[in-house]
Every structure is written in structure tokens, then in C-alpha cells.
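Notes follow the structure.
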Amino acid sequence: MTRALIVHRAGPQVTVQDRGRPGLLGQGLSQGGAADPIALAEGAALLRQPASHAALEMAGLGGSFEVTQDTRIALTGAPMQVSIDGQAVAWNASHLLRAGERLEIGAAARGNYGYLHLGGGVATEVVLGARAAHLAAGIGRALRPGDRLPLGDETRAEVGLTLDPEPRFAGGTVRFTRSMQTGLFAPEMLVRFQATAFQRDARGNRMGARLEFDGDPFAASGQLSILSEVIVPGDIQMTGDGTPFVLLGECQTTGGYPRIGTVIPADLPRVAQAGPGVALRFEVIDLDAGLEAQRRHVAALAKLPATIRPLLRDPAQMQDLLSYQLISGAISAHDDHLNGD
Amino acid sequence: MTDTQSFPRIAPVGIAGLLVSFADRLSEPANRAALAFRAAIEAAPPDGIEEVSTSLTSTFLRFDPLHLDHASLTAHLDALLKAQDWTRADLPGGRRHFRIPCVFGTDLAPQFDEAAQAAGLTAQAAIDSLTAARPRVLTIGFAPGQPYTGQLGPEWDIPRQTALTPRVPEGALVVAIRQLIIFSAPTQTGWRHIGQTAFRCFRPEADDPFALRPGDEISLRAITPAELDRIRAEDQTGQGGAEVEVIR
């Protein structure tokens with residue numbers, strides 16, 4: 001029998017996500033995929049499996065889950081309350097979930113999107129090259145109680161690993177580069193945009209984050225007669241009422257609102273993970289600085305597997321340590337990372 | 001601020017994209033240029049190009065900037081732009097004509113009368129005008145498989161509404177600024193809902209999920225709501241009763 005994940009309860013937006021569907025812009029389909037691609041890479045590193053595997057993305061609220069056979073799991077992204085059969089376990093870590101145990105994931109303490117990764121990955125049907133739900137396009141849907149998701153094969157047994165996540169859940173400064181329409185904004189508007197403190201509106205979704213602020217609206221010259229033009233994730237568009245909207249992976253592929261610039265990929269998860277009320281500021285950087293940031297970002301993601309360490313080693317995580325021991329005591333036969341440690 | 005730079009022009013889109021624009025207003029030659037330029041790049045893509053697409057009057061390239069630097073790609077595009085007059089290029093090959101059944105007006109398309117009035121036409125004249133037109137798919141965008149078609153006659157240069165209609169259904173025919181769209185999914189919109197078809201632009205379950213391509217042409221055949229019901233009951237393909245012929 002194939003291994004499966006059973007959904008007993010799910011928050012309103014728990015979806016299957018992977019790296020999405022690049023290459024279909026010309027067909028009107030945006031890439032989509034995990035709102036926080038860093039979290040996807042972290043989960044893959046913790047389980048030592050390919051970053052192409054699909055995981056569950058949980059917006060704001062998790063759910064209650066069970067597996068039909070013992071399965072490794074990892075938890076990344078926005079930290080959420082989590083327990084296995086009532087026993088708290090560590091976030092940003094991998095664990096063994098035994099068949100029949102109840103995994104309960106609650107609300108996000110910080111950030112928006114938490115991720116549940118499963119050994120072997122979620123193996124639902126591939127549509128147009130990916131498993132990711134693209135809600136705006138009507139591909140896939142939010143999970144519901146009673147759903148049973150097949151899991152891929154795996155041979156590894158290593159759990160009890162952790163990593164230090166790149167900080168991205170507390171807002172801060174977001175870097176962007178000039179884009180094709182930046183010149184439509186007056187220079188003083190660009191200055192004011194960078195001097196303004198924004199807060200992410202609670203109405204944001206996988207398509208984009210609306211930013212609230214105090215002050216006059218932002219507008220480009222000739223705003224109403226701009227021809228619809230290609231949109232990429234990270235574009236900062238000024239909507240009709242002068243409110244900025246940072247577009248995320250599941251955005252539409254074209255739009256007629258002017259873009260003041262484009263957030264660099266390295267900083268976009270910081271926008272996606274900014275919870276309501278968290279302050280965000282924007283800073284324009286030149287292309288070379290943007291490329292240097294991209295180089296570091298790509299290198300950091302590639303290095304993630306080398307940063308994984310046993311959960312036991314960090315005395316600051318005593319609470320987690322205790323829960324880890326309870327679990328690892330039950331799975332010592334599989335726990336190969338402790339050998340020779 | 002008016003941008004006085006001439007066309008075609010190359011501009012950045014984020015750190016991993018370049019946009020080649022042929023005009024800042026919609027025109028047939030600019031659309032033709034964008035499509036032909038895209039085809040030329042796709043025929044011989046420089047290493048590092050990850051995706052090429054078109055909007056109404058521009059070609060977009062997404063690439064890996066750590067593999068292909070901006071200066072090299074810009075030089076390549078400059079040379080390609082100078083190689084020919086792209087506004088006079090051939091349209092894409094394999095173009096098709098879709099003749100799509102459509103209910104105009106009635107409670108299925110409640111803004112038909114208002115749109116006809118905005119165009120200065122009687123209801124019958126508006127239907128005659130719309131069924132005689134054969135607009136071309138200028139671009140696919142916004143939502144999966146969704147065609148922007150044009151251009152209609154100048155009488156249809158009616159603006160978008162300032163207020164959005166909260167929801168029009170899949171297959172809705174909407175009009176503004178001399179263009180027609182058939183919506184690929186239910187959506188809110190500022191365009192006026194003047195017709196209803198059973199044509200599905202996006203068929204994720206099909207081998208070829210995107211029904212239309214840029215360069216294809218559409219025309220509309222007026223039917224009654226009863227006929228639309230019959231088509232919906234019988235059609236399993238998403239074609240919505242459309243007849244398709246290859247344009248030669």
C-alpha cells in the first residue's frame with residue numbers, strides 16, 4: 001500500500017506546493033509555487049531530499065494530520081505551534097511521525113507561511129509539470145478534512161536535525177531594483193516611497209501583498225493610459241488608489257498598473273512572510289548590487305545542506321531537546337545520525 | 001513625465017528580465033513585431049535564456065543573470081533588432097480561426113445594451129458589428145489561456161468602467177478599448193460583459209490546455225440562450241461548439 005498523509009483538519013489555506021511552473025508566462029500562467037521558496041529549500045535540506053519535492057504550505061494556520069506508515073517530516077517557514085500526540089516538537093527541524101500518531105499544527109507565531117515537508121515528498125498528480133496548487137488558475141485546491149495525499153518513496157531514516165533559518169519573519173528593509181516603469185514616477189516620489197514605513201495588509205494572499213501606510217497616494221504620470229505589460233513576482237505596482245502591492249508568485253501575468261520597481265528574489269520571502277502589522281521599508285539598489293545579492297542568495301541556498309546539524313547540539317533548545325529525546329527514544333533503530341556523533 | 005526614447009527599446013524587469021518594447025500604444029505592426037521577435041529568439045536562444053513571452057507590443061525575456069550578463073544579452077538583442085524591420089515580419093505560422101457561438105445580451109450578459117450605447121450603436125447594429133469582426137489574438141495573458149483580441153472598429157473604443165463588476169463567469173465575452181476578451185476563469189473586471197460563450201480558454205485536464213495562441217483569429221456567431229444550454233450539455237471538450245479552421 002502506498003504511504004499517505006491523511007488530513008483530519010486543515011486551516012483555510014493549506015495547499016500542496018513545490019517550485020511551481022516556470023515557463024508558461026506566454027500562456028498566461030504565472031509560476032506560482034511556494035510563497036517562501038527558502039522554506040522549501042530548508043525542508044529539503046533537513047530531510048536530505050531534492051528541493052523539487054512537494055510539501056504542504058500552511059497560510060496562517062496548520063491542521064491535524066496523520067500518516068499511514070512511519071514517515072519523516074520537517075517543519076520550516078513561519079514558526080507554528082506543533083505537537084506529535086500532544087508532545088511539543090521543534091520547528092525548523094526534522095522528526096519521525098509514526099503511523100497513527102497525530103500531528104497537530106496550530107497558528108503561526110510569526111510570519112505567514114509554515115511548511116510541512118514529508119519524506120519522499122507529496123506525490124499528488126503532476127499538472128503542467130508541477131504539483132503546486134495554483135488557486136488563481138483553478139489548478140488544485142485548498143486541502144480539506146478527509147483528504148488523503150500519496151507520498152513518494154524514500155529510503156532515508158535520518159531525523160532529529162535542525163538548522164538556523166535565515167531571518168525573514170520580522171519585516172525590515174526590502175531591496176528592489178529599478179524596472180521598466182520606474183521612470184514614470186517622479187524622483188521625489190521614489191524618495192518618499194523609500195522613506196515610508198509600510199505594513200502588510202491582512203488581506204494579502206499568494207498573489208500579492210497589499211501595503212498600508214500613512215501619507216499621500218503614490219502615482220505615476222499617465223497612470224491610466226499605460227498599456228498592460230508583463231508582470232514578474234516582486235513587482236511593486238501602484239493600484240488605482242495609490243497603494244503599493246508587491247506581487248508574489250501566484251500573481252497575474254500581465255497588468256496595467258505601473259510598477260515603481262521589482263523586489264529582488266532574495267528579499268521577496270521577507271515580504272511574503274511579513275505578518276500583519278510588521279513594518280517593511282524599501283530601498284532601491286542598482287543592478288550590480290542586485291546581482292551580487294542574487295549570487296549570495298543562490299550560494300546560501302546551495303550551502304543549506306551543509307548547515308544542517310543534530311537538534312541535540314544546541315543547549316538553547318532545551319525544551320525542544322526534551323521533546324526530541326522522547327521521540328528519538330522511540331526510533332533509535334532508525335536514528336543513524338547519532339552513530340559516531 | 002513623457003518618455004521620449006524611441007522604439008524599439010530595451011528595459012530591465014527585475015534583475016532577471018529584459019523587456020523589448022516596440023510601442024507604448026497598441027498597434028498591429030507593434031504586436032506583429034513582438035510576436036516575430038519572440039519567435040526569432042526562441043529559434044536560437046542564447047545560453048541562459050529561461051523563458052520568452054509577449055505582451056501586446058513587447059517581447060519579454062527571463063534569464064539567469066548569473067549565467068548570462070545583462071550587457072551581453074542587451075548587445076545580442078540590439079543586433080537582432082537591427083537585423084530587420086520587425087514591424088513588417090510575418091505573423092506566426094499555423095494560425096487558426098475559431099468561430100465561437102455566443103449569446104449577446106440577455107441576463108447572461110447584462111452589460112450588452114450599455115456597451116452598445118457607449119459605442120453609439122443600436123442593439124442589432126452592435127451584434128452585426130461584433131459578428132462581422134474577425135479580431136486576432138494579440139496576446140495571451142493575465143490568466144491562463146486568456147486571449148486579448150483586437151482590434152475592433154473605432155466605435156468600440158469605449159473605456160473600462162471605473163467601478164469593477166464583482167464577478168463575471170468563465171466564457172464571458174467582455175469589451176473595452178477596441179478589444180474583446182473571453183475570460184478563462186470567473187473574475188472581477190472593469191470590462192463590460194456583453195456576451196456569453198461555452199468556450200473554455202484554459203483546459204488544465206487536456207493534452208493541450210491552452211486553446212488559443214497569439215496570431216489566431218476569432219469570430220462570433222450569435223446564438224440563443226437555449227442553444228448555449230444545448231452546447232453546454234453536449235460539449236465535453238471545452239470547445240463550446242466552436243468551429244476551427246487553419247488559416248492559409
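Letters A, B, ... mirror the listed sequences (proteins, then strands); counts begin at 1. What you see is a predicted model; the values in this text were computed from it and never measured.
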Check whether any side-chain heavy atom of [X] sits under 4.5 Å from a side-chain heavy atom of [Y], and report yes or no.
| X | Y | result |
| --- | --- | --- |
| A:L24 | B:F210 | yes |
| B:P12 | A:T177 | no |
| B:R25 | A:L227 | no |

Of the backbone (N, CA, C, O) and the side chain (C-beta and beyond), which part of [X] lies under 4.5 Å from a heavy atom of chain B, both, or neither?
| X | value |
| --- | --- |
| A:L25 | both |
| A:P22 | both |
| A:L291 | both |
| A:V263 | neither |

Between A:R259, A:Q294, A:R178, A:E125, the one whose heavy-atom pairs under 4.5 Å with chain B are most numerous: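 Result: the option with the highest number of such pairs is A:Q294.
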
Among A:V230, A:L29, A:T262, residue most engaged with chain B (heavy-atom pairs, under 4.5 Å):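 Ranked by contacts with chain B, first place is A:V230.
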
Donor-acceptor contact present, side-chain A:T253 to main-chain B:F142, <3.5 Å: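 Yes, because the side chain of A:T253 sits within donor-acceptor range (under 3.5 Å) of the backbone of B:F142.
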
Which pair of non-hydrogen atoms, one from [X] and one from [Y], has the smallest distance, and what is that distance?
| X | Y | answer |
| --- | --- | --- |
| A:S179 | B:G14 | OG-N, 3.6 Å |
| A:V127 | B:P204 | CG1-O, 4.1 Å |
| A:G290 | B:I15 | O-CD1, 3.9 Å |

Side chain to side chain donor-acceptor pair (under 3.5 Å) partners of residues 18-30 of chain A, not counting sequence neighbours, each pair once: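 Residue pairs passing side chain to side chain donor-acceptor pair (under 3.5 Å), neighbours aside: A:S30-A:H134.
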
Distance, nearest 0.5 Å, that separates CD1 of B:I140 from OG1 of A:T254: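 That separation rounds to 10.5 Å.
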
A:R296, CZ atom: more than 12 neighbouring heavy atoms under 6.0 Å: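 No, not enclosed.
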
Within 6.0 Å of CZ in A:F245, more than 12 heavy atoms from elsewhere: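 Atom CZ in A:F245 is crowded, with more than 12 foreign heavy atoms closer than 6.0 Å.
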
Contacting moiety of B:L26, where chain A heavy atoms sit under 4.5 Å: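 Both backbone and side chain.
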
Per-residue contacts, residues 40-78 of chain B versus chain A, heavy atoms under 4.5 Å: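 The list, in residue order, reads B:E51, B:S53, B:S55, B:L56, B:T57, B:S58, B:F60, B:R62, B:P65, B:L66, B:H70.
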
